[in-house]
Number of protein chains: 2
Amino acid sequence: MTSTDHRGFETSQALLTVGQVARAAGVTANAVRFYERYGVVSGYRSSGNARRFTVDTICRIKLALAAQRVGITLKESADILAGIPPLSRDLDQWVSAGEQLVLIGQARIAQLQATVNELATLDFLQPDTPEDRPRH
Amino acid sequence: MTSTDHRGFETSQALLTVGQVARAAGVTANAVRFYERYGVVSGYRSSGNARRFTVDTICRIKLALAAQRVGITLKESADILAGIPPLSRDLDQWVSAGEQLVLIGQARIAQLQATVNELATLDFLQPDTPEDRPRH
DNA sequence: CTAGAAGTTCGCCTATGGGCGAACTCAAGT
DNA sequence: ACTTGAGTTCGCCCATAGGCGAACTTCTAG
């Protein structure tokens with residue numbers, strides 16, 4: 001049986017409201033609208049101007065949240081997600097997006113490790129670094 | 001010979017202006033004032049209300065800059081630096097401050113590595129995590 | 001005396017990631 | 001008819017890390 005939500009949309013249909021997407025993704029509706037402004041998610045509008053999202057929107061948000069944890073901004077996540085068409089049945093695209101995140105994360109780790117190694121030497125306290133001072 | 005700067009202070013004396021500190025630390029004078037508001041540095045005032053800093057101020061700024069690179073905020077750097085008295089001749093205090101940074105950096109790396117490992121599994125796309133769902 | 005350099009405070013602007021309340025619409029249920 | 005719930009836009013709020021300009025003072029040099 002097909003029931004309808006309070007906006008008259010069939011709930012069995014693959015279109016979700018902000019609130020539904022928000023709950024499923026574990027964020028607030030506020031945040032979802034924010035993500036939309038940054039292009040992380042995008043959707044349609046109902047006749048009453050309410051946002052309608054396809055189910056993959058939830059995955060997009062989850063990816064962006066995961067990406068944040070490796071220091072990726074919403075804008076950057078939006079760029080990565082731009083390569084994945086809405087309602088893609090192609091799991092490979094999500095896998096490769098995940099791989100991009102892993103690569104970026106590993107790069108961050110390498111960078112951080114280099115910084116920590118430098119910190120350990122206390123070199124940062126030195127008056128100036130040799131490369132700033134051209135030795136004739 | 002003791003020369004004087006444009007504010008009438010002897011440059012051979014151990015008190016520096018914002019500009020001098022800024023140049024030595026490789027930041028703008030603006031930034032130095034900002035750091036002062038956050039307690040990263042502190043100094044005196046001349047009769048004309050101009051800031052006067054001791055030379056160790058430069059090291060404090062450099063430490064804060066290094067700390068930023070491992071994700072430490074100015075406020076946190078201020079806390080670490082609060083343990084080092086002005087004009088400390090005790091190198092050990094700087095060494096231990098450096099060690100704190102290294103420990104924090106290593107913790108960040110471990111955290112990041114864990115996150116990347118999780119990303120690699122694509123688990124973040126799953127509807128809910130087991131720990132959110134109490135299995136009776 | 002006057003110009004210039006460097007200092008001062010104040011306050012607005014930026015980006016990033018949202019929270020929150022106001023005021024409003026829209027559709028369903030009683 | 002009215003309430004209720006969920007949606008909408010708008011705009012101000014926070015922290016973090018400063019940039020930048022305005023308007024003003026202070027001191028030195030010529």
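Here is the naming used below: chain letters follow the sequence lines, and residue numbers restart at 1 for every chain.
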- [ ] Could you check whether Arg33(B) gets within reach of a base, just the sugar-phosphate, or nothing at all, counting any heavy atom under 4.0 Å?
- [x]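 If one applies the 4.0 Å heavy-atom cut-off, Arg33(B) turns out to touch a base.
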Open item on the list: Any base atoms under 4.0 Å from Val27(A), or only sugar-phosphate, or nothing? Heavy atoms, all strands.
Closed with: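 Nothing, no heavy atom under 4.0 Å.
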Does [X] place a side-chain N or O at less than 4.0 Å from the phosphate oxygens OP1/OP2 of [N]?
| X | N | result |
| --- | --- | --- |
| Arg69(B) | dA17(D) | no |
| Thr28(A) | dG18(C) | no |
| Arg51(B) | dT9(C) | yes |
| Thr17(B) | dG7(C) | yes |
| Tyr35(B) | dG18(D) | yes |
| Gln68(A) | dG18(C) | yes |
| Arg37(A) | dT16(C) | no |

Open item on the list: Let me check something: do Leu103(B) and Ile109(A) share a hydrophobic cluster, defined by ILVMFWY side-chain heavy atoms less than 4.5 Å apart, either directly or through other members?
Closed with: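 In one cluster with Leu103(B): Ile109(A), no.
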In Å and rounded to the nearest 0.5 Å, what is the [atom1] to [atom2] distance from [X] to [Y]?
| X | Y | atom1 | atom2 | result |
| --- | --- | --- | --- | --- |
| Arg33(A) | Thr28(A) | CZ | OG1 | 8.0 Å |
| Leu74(B) | Arg37(B) | CG | CZ | 11.0 Å |
| Leu125(A) | Arg60(B) | CG | CZ | 11.0 Å |

Of the nucleotides [options], which has the atom closest to the [X] side chain?
| X | options | answer |
| --- | --- | --- |
| Asn49(B) | dG19(D), dG7(D), dT8(C) | dT8(C) |
| Thr73(B) | dT9(D), dA17(D), dT9(C) | dA17(D) |
| Asn30(A) | dG19(C), dT16(D), dT9(D) | dG19(C) |
| Phe34(B) | dA27(C), dT8(D), dA17(D) | dA17(D) |
| Leu74(A) | dA17(D), dT8(C), dG17(C) | dG17(C) |

Rounded to whole angstroms, how far apart are [atom1] on [X] and [atom2] on [N]?
| X | N | atom1 | atom2 | result |
| --- | --- | --- | --- | --- |
| Arg45(A) | dG7(D) | CZ | C1' | 10 Å |
| Arg52(B) | dA6(C) | CZ | P | 13 Å |
| Leu16(A) | dA6(D) | CG | C1' | 15 Å |
| Glu76(B) | dA15(D) | CD | C1' | 12 Å |
| Tyr38(B) | dA15(D) | OH | C1' | 7 Å |
| Leu15(B) | dG7(C) | CG | C1' | 15 Å |

Task: Any donor-acceptor pair under 3.5 Å from Arg51(B) side chain to Gly43(B) backbone - done: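 No; judged by distance alone, with no hydrogens or angles, the pair does not exist.
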